[in-house]
Asks: 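Following this message is one structure expressed as structure tokens.
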There are 2 protein chains.
Amino acid sequence: MSTSSHVTIEDVARAAGVHPATVSRALRGIAGKVSAEKRAEIQRIAIEIGYQPNFVAASFRTKQTNLAAIVVPDLSNPLFGPIVQGLERALRQQHLLSLVVQTPEEPTERRDLVHALAGRQVSGLLVLAAESSDLMLQAAKERGLPTVLVNRGSGDRHFSSVVNDDRESVRLVVAHLQALGHCAIAHISGPSASSTGRARREAFEDRTRALGPKADFPIQEAAAFTRSAGQAAARVLLKRRPTVTAIFAANDLIALGVLDVLRERGIRVPADMSLVGHNDMPLVDLIDPPLTTVRVPVEQMSEQAAQLFLEHLARADLPVSTRVLMPTFVERLSTGRPTRR
Amino acid sequence: MSTSSHVTIEDVARAAGVHPATVSRALRGIAGKVSAEKRAEIQRIAIEIGYQPNFVAASFRTKQTNLAAIVVPDLSNPLFGPIVQGLERALRQQHLLSLVVQTPEEPTERRDLVHALAGRQVSGLLVLAAESSDLMLQAAKERGLPTVLVNRGSGDRHFSSVVNDDRESVRLVVAHLQALGHCAIAHISGPSASSTGRARREAFEDRTRALGPKADFPIQEAAAFTRSAGQAAARVLLKRRPTVTAIFAANDLIALGVLDVLRERGIRVPADMSLVGHNDMPLVDLIDPPLTTVRVPVEQMSEQAAQLFLEHLARADLPVSTRVLMPTFVERLSTGRPTRR
DNA sequence: TTGTAAGCGTTATCAT
DNA sequence: ATGATAACGCTTACAA
């Protein structure tokens with residue numbers, strides 16, 4: 001009935017002829033603490049006079065905001081959308097709301113951001129694709145914020161994390177290309193500043209060591225996990241090692257950049273060059289040619305991350321842990337047998 | 001120096017030998033209210049003893065949370081990622097943090113969600129792709145929450161909004177197809193429950209009225225703005241009107257669904273059928289064939305929406321307004337001249 | 001089961 | 001320019 005009001009618990013108490021504390025208990029339905037009939041009466045009156053709880057006041061008092069901060073590098077990246085989606089959904093089911101912020105470029109800004117979030121008393125942080133060396137994460141640790149890393153490991157084991165099994169990813173890719181008959185396979189790695197970049201690169205080195213001379217398995221580092229960095233890296237690689245017959249890109253965006261360059265040079269995929277991505281982002285099944293890639297179990301990742309996060313909230317001294325998720329290989333049309341050239 | 005602390009303004013005041021109120025003023029840098037030297041001293045001490053402001057307490061006191069709620073149907077939709085990205089960035093520049101929530105299916109849940117957000121005293125709502133008839137928006141109005149609709153209009157003019165000029169979009173598409181020589185053009189419309197769906201559909205009807213018999217410009221409604229709804233609608237359309245030579249889909253996802261069906265039937269694009277989407281989502285330039293579409297100015301949209309939102313926050317009685325953004329046509333390879341059949 | 005009273009940390013108003 | 005005081009709305013010991 002009432003419009004946007006300032007009806008407080010005290011008003012309800014007055015109207016119901018009870019003490020504010022009783023209203024508080026009744027409204028929160030604290031079991032066995034208030035008689036059923038009184039509770040019903042209080043609830044009725046609360047609605048009648050248009051009471052609306054003030055969660056900020058409650059947060060202030062209880063020091064519980066039930067707010068999770070999700071820190072994501074770039075919401076326009078099609079990989080992160082689904083992850084944030086899964087996180088937000090899982091958290092909300094547990095009555096947590098999600099404060100979503102995008103990682104600033106500047107390390108000091110990142111650090112300040114964490115302090116701003118801590119100042120808002122967020123319950124904790126879910127950080128996508130950040131390195132544990134990040135100033136941001138240092139700040140989180142200093143402030144004692146429960147933190148879970150998503151899609152990046154914590155080499156120093158300072159943070160709990162949920163990651164893809166990159167060794168398995170590489171194993172799947174290399175086995176596939178080998179089975180097709182490829183003997184010279186390049187890897188366009190992610191930036192070595194990134195644990196994911198390093199992990200896939202090292203796994204690639206390990207896997208290919210036994211297979212032949214290093215020159216047949218060149219590695220070219222991309223400056224970032226982006227389409228344009230993929231283009232740049234592809235140009236360098238093709239100049240350095242024009243004879244490779246297959247390229248494994250550290251992620252799908254890099255693969256798209258590689259594809260741009262192959263196209264502009266008239267190198268056909270997969271006839272002249274096989275190409276494999278990583279992540280199975282939305283829509284890569286529709287590009288030309290449909291991209292062979294490795295699917296990261298995104299749903300599991302967000303679910304597990306949310307769950308791990310909640311466990312950390314529930315138990316401040318929960319030991320750091322890493323959950324490793326199994327990827328699956330997705331064969332499409334960007335890979336094929338190598339042709340003699 | 002200190003670990004996660006509970007140092008309050010009062011502690012700083014004690015350490016500095018001043019009154020808490022003075023510390024508060026000094027720390028917020030209230031101009032001309034505290035002597036420069038005292039301020040410097042207080043700031044020094046605050047840092048020294050590890051004071052960290054408690055924003056929840058401040059919010060509680062001032063009733064200003066500086067929190068914007070962004071309500072989005074589906075974060076995994078590649079169109080919304082960039083919009084949310086733009087909103088979050090623009091808002092943060094103005095010192096607002098973004099609470100991102102995904103729209104529940106159930107109308108009552110949506111309503112409850114708004115009440116939950118209001119209970120957290122969010123400054124206002126930015127709502128993506130919701131109809132003004134939505135229970136959610138009714139609730140927002142009841143609660144007096146400043147609200148801006150993004151990418152949907154408010155037919156009843158109850159809410160401010162930022163939208164694409166759908167008439168212009170349709171004009172661009174129809175003109176393009178006509179210029180290519182198409183005489184039988186189908187429109188797969190968005191759900192008629194959506195203002196965008198209706199707007200594009202009506203514009204299509206208006207545009208084509210003069211061009212020929214209605215039978216040559218059939219409209220098939222998709223149940224949702226999704227790939228699978230596009231598939232279903234395409235199947236019905238092809239059965240109803242197998243002779244159309246071009247299809248204009250109400251958005252890119254629907255177009256992708258149409259493409260799936262055309263492929264499975266061996267209908268070539270654009271040789272046998274021209275296809276146009278809408279929105280120019282990320283990656284649609286890479287599908288096979290690259291999709292001709294209409295680009296919605298996403299950056300402008302989020303900027304304008306954020307700005308309009310801030311204006312509403314600043315002035316509670318700001319009149320409702322609509323900002324209409326001009327789309328641009330993006331010609332790629334999914335459209336061509338019709339071939340005789 | 002219910003009432004009492006204190007207090008969370010900050011800021012705004014008023015007085016000095 | 002600074003200090004004193006009260007108040008924001010709620011929850012939680014503790015007492016009854």
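Throughout, protein chains are lettered first and strands after them, A, B, ... in sequence-line order, and every chain is numbered starting at 1.
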Asks: Within this structure, what is the CD-to-P distance between A:E10 and C:dT4, rounded to whole angstrom?
Replies: 12 Å
Asks: Between atom CG of B:L126 and atom CZ of B:F309, what is the distance when rounded to the nearest 0.5 Å?
Replies: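 It comes to 4.5 Å.
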Asks: With a 4.0 Å limit, can you tell me whether B:T62 has a side-chain N or O closer than that to the phosphate oxygens OP1/OP2 of C:dT10?
Replies: no
Asks: Let me test you: for the helix from C:dT1-D:dA16 to C:dT16-D:dA1, what is the angle between the axes at its two ends (five pairs each), rounded to 10 degrees?
Replies: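 Comparing the axis at each end, I get an angle of 30°.
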Asks: Rounding to a whole Å, what distance do you find between B:I42:CD1 and D:dA1:P?
Replies: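 Those two atoms, CD1 and P, are 13 Å apart.
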Asks: Where the side chain of B:S302 meets the backbone of B:V298, is there a donor-acceptor pair that is under 3.5 Å apart?
Replies: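 Looks like yes, one N/O pair under 3.5 Å.
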Asks: Identify all pairs in which a protein N or O lies below 3.5 Å from an N or O of nucleotides 3-6 of chain D, and state each distance.
Replies:
residue	atom	partner	partner atom	Å
D:dG3	OP2	B:H19	N	2.9
D:dG3	OP2	B:T22	OG1	2.5
D:dG3	N7	B:R25	NH2	2.7
D:dG3	O6	B:R25	NH1	3.3
D:dA4	N7	B:H19	NE2	3.3

Asks: For salt bridge (charged side-chain N to carboxylate O under 4.0 Å, His left out), just list the numbers for A:K38 and A:E41, CA-CA rounded to whole Å, side-chain angles, deciding distance to a tenth of an Å, and then say yes or no.
Replies: CA-CA 5 Å; A:K38 195 158 268 186; A:E41 171 71 354; over 6 Å; no
Asks: So if I apply the side chain to side chain contact (heavy atoms under 4.5 Å, CB included) rule between B:N151 and each of B:L325, B:V162, B:L79, B:L128, which one comes out positive?
Replies: B:L79
Asks: For A:D11 and D:dC8, give me the distance from atom CG to atom P, rounded to whole Å.
Replies: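 Distance check: A:D11 CG to D:dC8 P gives 11 Å.
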Asks: Please determine whether the number of non-hydrogen atoms from other residues, nucleotides or ligands lying under 6.0 Å from atom CD of B:E299 exceeds 12.
Replies: no
Asks: Is there a stack between A:F60 and C:dC8, judged by ring centres under 5.5 Å and planes under 30°?
Replies: yes
Asks: Tell me if the CD atom of B:E311 is crowded by more than 12 foreign heavy atoms within 6.0 Å.
Replies: yes
Asks: State, to 0.1 Å, how close A:E88 and A:I70 come at their nearest heavy-atom pair, and which atoms those are.
Replies: N-CD1, 4.4 Å
Asks: Are any of B:S24's side-chain N or O atoms less than 4.0 Å away from OP1 or OP2 of C:dT11?
Replies: yes
Asks: Using whole Å, report how far CZ of B:R28 lies from P of C:dT10.
Replies: 11 Å
Asks: Tell me, which pairs form a side-chain hydrogen bond (donor to acceptor under 3.5 Å, both in side chains) where one or both residues lie in residues 56-71 of chain B, sequence neighbours left out?
Replies: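 Of all non-adjacent pairs touching residues 56-71 of chain B, none passes side-chain hydrogen bond (donor to acceptor under 3.5 Å, both in side chains).
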Asks: Write down the atom of B:H312, the atom of B:P319, and the distance for their closest heavy-atom approach.
Replies: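 In terms of heavy atoms, the two residues are closest at CE1-O, 3.9 Å.
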Asks: Give the rounded distance in Å between these two atoms: CZ of A:F55 and C1' of D:dC8.
Replies: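 Taking atom C1' of D:dC8 as the reference, CZ of A:F55 is at 17 Å.
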Asks: Distance check: side-chain N/O of A:R120 vs OP1/OP2 of C:dG9, anything under 4.0 Å?
Replies: no
